[in-house]
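Side chains are part of it too, since the values below use all heavy atoms of this structure and drop only hydrogens, waters and symmetry mates.
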Amino acid sequence: MEWEEDARKTDRKIKAIIEAFALGQDPSEMLDRVNVEDNVNTWMHCLEPFQIDDDYYLLIPIINYFRFGEDLFDYHERDFFQGKSDRDKILTVNNMSPSKDEYESYTCIERSQTDGAILSVEVNSHGPNGLYFDKLSVFKSEAALIDHYKNMMYDPVGNRLTPIEGHFISDGEKIISHSELDLIKFHDRYIEPRLKLS
């Protein structure tokens with residue numbers, strides 16, 4: 001079938017990307033040629049090159065995580081935010097993390113280690129049409145993957161009142177992309193002032 005042949009062509013291109021990356025070459029242009037139309041999605045569904053399991057990450061725009069522009073008490077009781085110590089602030093921010101049961105509301109990151117490289121794809125739920133895979137990337141390490149995704153800027157089109165921020169990466173229980181000091185700073189920026197106003 002035509003889509004199976006397309007998947008095999010994409011697979012050959014991805015193997016070439018991995019080889020180039022292992023040799024220290026910049027694979028950006030090769031990735032651009034693969035990340036078009038439904039190439040990655042067809043590759044994932046036809047050849048199943050990744051073991052899809054519960055080890056995926058949730059990718060959450062920071063301003064959405066803190067419900068910027070909304071009333072926090074529409075989502076949490078007041079006593080959820082009672083702690084004042086740094087440890088309490090870290091727990092509060094981590095406890096706001098959505099569970100993996102809510103994956104349909106978020107972009108997820110699946111990844112696989114192969115031939116000394118880490119490949120990742122972004123995954124979105126398309127309801128009855130199932131999962132849609134795109135935006136293949138390649139990294140040297142898990143730390144490089146996390147750094148890439150957390151620094152992707154999020155600036156919603158047409159919303160000039162919303163600050164431009166990056167993303168949190170969550171394992172479904174806590175934030176894994178930022179340090180505890182970062183989480184304290186985010187608490188002080190996005191939660192503390194809103195508690196005083198209420």
Side-chain angles (χ1 to χ4, degrees), residues 1-65 97-98 100 102-127 129-157 164-179 182:
M1 298 182 109
E2 185 179 336
W3 47 270
E4 291 175 336
E5 180 56 33
D6 289 344
R8 285 193 287 274
K9 286 179 184 175
T10 299
D11 192 57
R12 289 191 290 272
K13 291 176 183 177
I14 291 171
K15 286 178 179 171
I17 288 169
I18 295 168
E19 289 174 12
F21 188 72
L23 293 171
Q25 299 171 11
D26 181 356
S28 299
E29 289 184 12
M30 297 169 79
L31 284 165
D32 287 345
R33 288 193 293 272
V34 166
N35 285 318
V36 295
E37 299 174 347
D38 290 330
N39 286 350
V40 174
N41 191 53
T42 301
W43 175 67
M44 286 292 292
H45 282 291
C46 289
L47 302 183
E48 299 181 359
F50 285 18
Q51 178 68 38
I52 303 300
D53 54 29
D54 289 337
D55 193 30
Y56 58 86
Y57 295 144
L58 300 172
L59 183 65
I60 311 162
I62 289 169
I63 55 174
N64 289 355
Y65 188 91
S97 186
K100 287 190 172 178
E102 300 175 66
Y103 75 92
E104 291 183 347
S105 300
Y106 299 94
T107 295
C108 300
I109 303 167
E110 282 283 3
R111 66 230 186 276
S112 175
Q113 189 156 1
T114 178
D115 297 327
I118 294 177
L119 294 178
S120 73
V121 290
E122 294 182 23
V123 190
N124 287 281
S125 174
H126 283 199
N129 293 324
L131 300 178
Y132 186 83
F133 303 88
D134 66 348
K135 299 182 184 170
L136 179 82
S137 297
V138 60
F139 303 97
K140 289 183 179 178
S141 66
E142 184 86 356
L145 178 149
I146 289 171
D147 193 57
H148 167 78
Y149 282 107
K150 86 175 196 179
N151 289 311
M152 284 190 338
M153 289 297 100
Y154 179 74
D155 186 16
V157 175
I164 299 172
E165 288 280 14
H167 291 74
F168 280 146
I169 300 172
S170 171
D171 63 4
E173 295 181 3
K174 62 187 180 308
I175 302 301
I176 63 166
S177 54
H178 290 72
S179 70
D182 288 334

Check: [Y] main-chain N/O paired with [X] side-chain donor or acceptor under 3.5 Å:
{"X": "D182", "Y": "S179", "value": "yes"}
{"X": "N39", "Y": "V34", "value": "yes"}
{"X": "H45", "Y": "L131", "value": "yes"}
{"X": "N35", "Y": "L136", "value": "yes"}
{"X": "S125", "Y": "E104", "value": "no"}
{"X": "R8", "Y": "L47", "value": "no"}

Nearest 0.5 Å, what's the [atom1]-[atom2] distance between [X] and [Y]?
{"X": "E37", "Y": "D6", "atom1": "CD", "atom2": "CG", "answer": "9.0 Å"}
{"X": "E165", "Y": "D155", "atom1": "CD", "atom2": "CG", "answer": "11.0 Å"}
{"X": "L145", "Y": "K140", "atom1": "CG", "atom2": "NZ", "answer": "14.5 Å"}
{"X": "I164", "Y": "M153", "atom1": "CD1", "atom2": "CE", "answer": "8.5 Å"}
{"X": "N41", "Y": "W3", "atom1": "CG", "atom2": "CH2", "answer": "12.0 Å"}
{"X": "I109", "Y": "L59", "atom1": "CD1", "atom2": "CG", "answer": "4.5 Å"}

> Does R12 pair with E5 as a salt bridge, N-O distance under 4.0 Å?
Replying inline: yes
Can you find a pair of side-chain heavy atoms, one from [X] and one from [Y], that are under 4.5 Å apart?
{"X": "I62", "Y": "H178", "value": "yes"}
{"X": "E110", "Y": "S120", "value": "no"}
{"X": "Y132", "Y": "D38", "value": "yes"}
{"X": "V40", "Y": "E122", "value": "no"}
{"X": "Y57", "Y": "S177", "value": "no"}

> For the side chain to side chain contact (heavy atoms under 4.5 Å, CB included) test, which of F133, W43, Y56 pairs with F50?
Replying inline: W43
> Should the heavy atoms of other residues, nucleotides or ligands under 6.0 Å from CD of E173 be counted, would the total exceed 12?
Replying inline: no
>> For K100, I'd like to know if atom NZ has over 12 heavy atoms of other residues, nucleotides or ligands within 6.0 Å.
In response: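 Counting other residues, nucleotides and ligands, NZ of K100 exceeds 12 neighbours.
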> Which atoms form the tightest heavy-atom contact between C108 and L58, and what is the distance?
Replying inline: SG-CD2, 3.7 Å
> What pair of heavy atoms forms the shortest contact from S97 to G172, and how long is it?
Replying inline: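 Looking at all heavy atoms of both residues, the shortest contact is OG-C, 4.3 Å.
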>> Side chains of Y106 and S170: any donor to acceptor distance under 3.5 Å?
In response: no
>> Does the plane of the ring in Y154 sit parallel, tilted or perpendicular to the ring in H167? Use 30° and 60° as the thresholds.
In response: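 Geometry flag for H167 against Y154: perpendicular rings.
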> Would you call the rings of F168 and Y65 parallel, tilted or perpendicular if under 30° counts as parallel and over 60° as perpendicular?
Replying inline: perpendicular
> What do the steps show when you test T42 against T10 for side-chain contact (heavy atoms from CB on, under 4.5 Å), and what is the final call?
Replying inline: CA-CA 9 Å; T42 301; T10 299; over 6 Å; no
> Between D115 and K15, does a side-chain contact (heavy atoms from CB on, under 4.5 Å) hold up when you go through it step by step?
Replying inline: CA-CA 10 Å; D115 297 327; K15 286 178 179 171; over 6 Å; no
